[in-house]
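In listed order, ligands and their atoms are each counted from 1. Count residues from 1 along the sequence.
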Amino acid sequence: MSREQVITAANKAHVRLIRFLYCDNGGVIRGKLAHINSLARRLETGIGLTVAMQAMNMLDQLQPVEGMGPVGEIRLTPDPDSFVVLPYAPNSAAMMADMLTLDRQPWGACPRSFLKRMIGRAAEQGFSIQAALENEFSLLRPDEAGTYTPIDTGLCFSSVSMTAAAEVMDDIIAALESQGIAIDAYYPELGHGQHELPVRHAPALRAADNQVWFRETVRNVAHRHGLLASLAPKPMPEQAGNGCHIHWSVWDTAGKNNLLYDPEDRYHLSQMGYHFMAGVLAHLPGLLALTAPSYNSYRRLQPHFWSSAYTAWGPDNREAAVRVASGLWGHEAETANLELKASDPSHNPYLALGGLIAAGLDGVARQLTPGEPALIDPGNYSDEERAERGIERYPTSQAAALDALEQDEVLLEALGPDLSRSYLAVKRSEYQAFAAEELGFEIRHHIYKF
Ligand code: GLU
Ligand code: MG
């Protein structure tokens, strides 16, 4: 979409306010808004933002990061291609914004620019990445005491839960469709009040933008139904957690051939696909700090909860960190894909996808191989069997994942100095803040912000 088309579309929809949104280092979606009368100008100039916002954690505690204090300005510059009219807010529209420096360059601490850079690196190798983010979320009814009750206690995939959620789900799906987000399927999930809505795959940048629209839409539509939709990784410690599994495939740059597909292989995965997957597994300890980044994420990542807990892979193995998904009948070539289970919706999707691409490209460059597949739940192997197979328990806390990220030179180089040091400072401060508090504090803040 061109800038002129954005202005025409905004006027046609009687839009008054246009949100320029970004996702920050804490995974929180924030932004500033332009009035329709200033839209033409603001599309050119962006809206000013203090550099300090990338040093702010999810509790709005500003961290001491050099060069990210009270002095300095960047510009939130919207991408016209991401324009959507918001079906859940009166006379409102939104665009995803890049953070540009005053000399119009991508700012080093801009997560969306980081993903664009990784997409560019993939293109240099002849690859274009497609991704679909598959979210689970909890539909909760708030009460006056400040507690939340799940809207259903139905069984996994049960029609009782479909009934409980039918009206809000229909509104959520209609709202996503009106923003051009294609829905693939819908299922009530195992946890109480837990529902899952997989969307269709899209090029990586669009998939990350769609993830922001998805989070916003689910929460806003639920709000209009008097409900709170939480995409926190583990909103109820005794219930199944919310994953945001990342399905991805690697195509040629023309987008014609899915390069993950090889009909001759026993799991229909190409040699390049094995290398790419091996890169993701090799970097998984540090990558987790980007894909499952919050304090609450590690309550979800436990053995035997179908979220994965080990650096294992396997065909249709839902306890493995990477599942080689079986293709769909009659569409085997186009649907060959890999699925990262160790990922949840508290992540910043630009950082998660960018990190995954950096890790995978490293695997391809170094021709890494992933070892033998896990054909059972890797948590059921003995310690000796896991050691023989090179399967390791990955970091079990946010702090340990951040330590692994700090030691991962490939991921640090990919992120660059501004993003990596601000990210580590922000996320470490979250660890300290939540570790010092009660469980209720952690749950409250994650339930409400994601
Ligand atoms: N809720 C599980 C998770 O935490 C995923 C269940 C499934 O869809 O396999 O990721
Ligand atoms: Mg699921």
Side-chain angles (χ1 to χ4, degrees), residues 27 131-140 150 152-158 161-162 165 169 172-173 183-201 211 214-215 218 229-248 280 284 287-288 290-326 337-347 349 352 356 374-380 393-396 398 401 443 446-447 450:
L133 278 65
E134 186 186 271
N135 290 281
E136 295 162 331
F137 53 88
S138 309
L139 290 172
L140 309 170
D152 65 78
T153 52
L155 306 172
C156 190
F157 309 144
S158 86
S161 306
M162 295 176 203
M169 288 307 302
I172 288 172
I173 293 169
I183 301 300
D184 187 42
Y186 157 57
Y187 348 99
E189 260 278 3
L190 177 65
H192 291 172
Q194 192 181 39
H195 296 260
E196 171 170 341
L197 202 51
V199 301
R200 293 293 307 274
H201 63 89
Q211 174 67 5
F214 185 93
R215 280 172 58 181
V218 168
S230 180
L231 292 96
K234 199 81 164 174
M236 290 166 284
E238 70 291 356
Q239 294 289 325
N242 289 321
C244 173
H245 307 163
I246 302 178
H247 290 261
W248 83 95
V280 170
L284 191 59
L287 182 60
L288 272 184
L290 302 175
T291 60
S294 63
Y295 189 88
N296 187 242
S297 295
Y298 294 82
R299 247 177 243 294
R300 165 178 168 259
L301 296 173
Q302 302 291 338
H304 315 307
F305 278 86
W306 298 47
S307 58
S308 88
Y310 296 92
T311 60
W313 70 278
D316 282 335
N317 188 336
R318 288 181 168 79
E319 277 284 348
V322 180
R323 162 186 170 219
V324 181
S326 46
N337 73 92
L338 295 164
E339 177 185 25
L340 180 68
K341 303 268 298 186
S343 167
D344 72 61
S346 68
H347 63 211
L356 182 136
L375 300 178
I376 62 165
D377 178 347
N380 289 340
R393 179 75 172 100
Y394 56 54
T396 55
Q398 185 192 30
I443 299 292
H446 287 82
I447 262 193
F450 297 111

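Residue side and main chain included, Glu134 places no N/O/S atom under 2.8 Å of the Mg ion (ligand 2).
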Exercise for review: Give the intermediate values and the outcome of side-chain hydrogen bond (donor to acceptor under 3.5 Å, both in side chains) for residues Asn242 and Glu189.
Suggested key: CA-CA 10 Å; Asn242 289 321; Glu189 260 278 3; over 6 Å; no

Review point. side-chain hydrogen bond (donor to acceptor under 3.5 Å, both in side chains) between Asp344 and Ser346: does it pass, once the steps are laid out?
Key: CA-CA 6 Å; Asp344 72 61; Ser346 68; 2.5 Å; yes

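Using cut-offs of 30° and 60° for the angle between ring planes, the Phe157 and Tyr187 rings count as perpendicular.
With a 6.0 Å radius and a threshold of 12 heavy atoms from other residues, nucleotides or ligands, Tyr186 has its OH atom above the threshold.
The atom name of the N/O/S atom in Glu189 closest to the Mg ion (ligand 2) is OE2. For Glu136, the N/O/S atom at the shortest distance from the Mg ion (ligand 2) is named OE2. Within Glu196, the N/O/S atom positioned nearest the Mg ion (ligand 2) carries the name OE1.
Among protein heavy atoms, atom 4 (O) of ligand 1 sits closest to Arg300 NE, 2.8 Å.
Within ligand 1, the atoms closer than 4.0 Å to a non-hydrogen atom of Arg318 are 9 (O), numbered from 1 in the order shown. Shown in contact with Lys341 at under 4.0 Å from a heavy atom are these atoms of ligand 1, numbered in order with element: 7 (C), 9 (O).
Among the atoms of Ala240, none of the N or O lies under 3.5 angstrom from an N or O of ligand 1.
When the options Glu339, Arg323, Glu189 are ranked by their closest heavy atom to atom 8 (O) of ligand 1, first place goes to Glu189.
Residue contacts with ligand 1 include His245, since one of its heavy atoms falls under 4.0 Å from the ligand.
Rounded to the nearest 0.5 angstrom, Glu134 CD and Gln211 CD are separated by 11.0 Å.
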